[in-house]
2 protein chains.
Amino acid sequence: MTEKQERILHSALRLFATEGYASTSTSKVAKTAGVSEGLIFRHFGNKEGLLNAIMDQSKEAARQMVAEIILTPEPKELLRKLLEMPFNIGKEHYEMWRLVYALKWQTDQYDTSTQEPLKVALINAFQKLGYADPDAETELVLMFMDGAATALLLHEPDRKMEILSALKEKYKL
Amino acid sequence: MTEKQERILHSALRLFATEGYASTSTSKVAKTAGVSEGLIFRHFGNKEGLLNAIMDQSKEAARQMVAEIILTPEPKELLRKLLEMPFNIGKEHYEMWRLVYALKWQTDQYDTSTQEPLKVALINAFQKLGYADPDAETELVLMFMDGAATALLLHEPDRKMEILSALKEKYKL
DNA sequence: TACATTTGTAAGTGATTACTCACTACAGTT
DNA sequence: AACTGTAGTGAGTAATCACTTACAAATGTA
């Protein structure tokens, strides 16, 4: 990966996340990155290839985040770490996550395979904790994590930690 | 509102919701609606004006939905109705909601004013129910409603009602 | 009937789009 | 030194973009 390739990826992530994929032109990406427009196509084939390269990086980052969490043996601790996850997204990763979340609504970009292992771990945890319906409980947690991430990425409520406390209380954590 | 105006609004809603606002051309809207492209600009001024007309309709629909709910005097019943709301979105309104949710991520389109009265009603309900932190509890509910709506609009989980039950249990409903 | 207003169209406009092409610069290999 | 492959550029391309304009048809209104 040359320096200019990284510059392209970085600029594209920023622009796609803030202004949207469709409304960001390849010429603007090139200008922002300080490279010729042709270079984008040399390295990434087409505009979608550029997006895919970014999304591959993002998926790998997400995979790593959940990978260590789902190894937690104690079910209560696993649940706690999971619920805390959206609240612990670092500001430096906001652009990446904004892009991921925005693209969910692009018809062809929705992908559930990433969260499959997380689902399995959660069902298992709820089973161990004796919940009546581990599957439903898992879906509920995933829904909440999605809503929490959305809220935090879009308008960063004050009193984050109080909200998290109220949530933890629901699971007696 | 002439028939052709309604045809334009209907086609635009469908296209904006399924393919995205930025990637839908005015010419495609016109073609789908079976009118000349110029008519769009005659009635709505420009592409953004067309979007605004759609969003005005959507906001009014949303306003009506919450309006009747927040009048509920009994706090437990209010909470129940609110939590059930995302699960009761009719399929015929999916396009509208998909557009609303997708546009949240468009930098300039995020608007909290609509949910302000809902917030007030919820805080009040949690106070009456003796919750320790009604504000945090309210934010939590709003986050969940957002996550639930997202999940339901994007991939319609089976066992919706079991998920809703698991949720209601958290609030002893 | 005469006139004014609104609704509608067809054919444009310049600007921008994603992408291509011919080319140069350079590093590594034999 | 000769050759190969990759990195990078700048000037194109046709197509599409949002939008305009000139004009016709329909509708109301006196």
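All chains are named by letter (A, B, ...) in the order of the sequence lines, taking the proteins before the strands, and each is independently numbered beginning at 1.
- The nearest whole Å value for the distance from the CZ atom in B:Phe44 to the C1' atom in C:dT7 is 13 Å.
- Residue B:Lys4 places at least one side-chain N or O under 4.0 Å from the OP1 or OP2 atom of C:dT9.
- A centroid separation of 6.0 Å or more is found between the aromatic rings of A:Phe144 and B:Phe144.
- In the set C:dT17, C:dT20, D:dT9, C:dT20 carries the atom at the smallest distance from any side-chain atom of A:Phe41.
- At a threshold of 4.0 Å, the pair A:Glu137-B:Lys170 counts as salt-bridged, since one of the basic side-chain nitrogens sits closer than that to a carboxylate oxygen.
- Dashed line: the shortest gap from a side-chain N or O of A:Thr2 to OP1 or OP2 of D:dG8 is under 4.0 Å.
- Between C:dG8 and B:His43, a contact under 4.0 Å exists linking OP1 or OP2 to a side-chain N or O.
- Nucleotide C:dT17 holds its P atom 17 Å from the CG atom of A:Asn46, rounded to whole Å.
- Taking 4.0 angstrom as the limit, A:Ser25 places a side-chain polar atom (N or O) nearer than this to OP1 or OP2 of C:dT17.
- Both A:Arg42 and A:Ser23 lie near DNA chain C, and the one whose nearest nucleotide falls closer to the 5' end is A:Ser23.
- In this entry the distance linking NZ of B:Lys31 with P of C:dA10 reads 12 Å, nearest Å.
- Ranking C:dT9, C:dC19, D:dT9 by closeness to the B:Val35 side chain, first place goes to C:dT9.
- Between the CD1 atom of A:Ile40 and the P atom of D:dT6 there is a distance of 20 Å, given to the nearest Å.
- Using a 30° and 60° split on the angle between ring planes, B:Tyr171 and B:Phe126 fall in the tilted class, from 30° to 60°.
- Distances from the side chain of A:Leu39 to the nucleotides D:dA7, D:dC19, C:dC19 place D:dA7 closest.
- In this structure, a donor-acceptor pair under 3.5 Å is present between the side chains of B:Tyr94 and B:Glu156.
- Defined by atom type and a distance below 3.5 Å, a donor-acceptor pair is missing between the side-chain atoms of A:Glu37 and A:Ser27.
- One can place NZ of A:Lys47 at 15 Å from P of C:dT20, the figure rounded to the nearest angstrom.
- Remark: B:Thr26 is in phosphate contact with D:dA18, judged by side-chain N or O atoms under 4.0 Å from OP1 or OP2.
- For B:Glu37 and D:dA18, the CD to C1' distance is 7 Å, given to the nearest whole Å.
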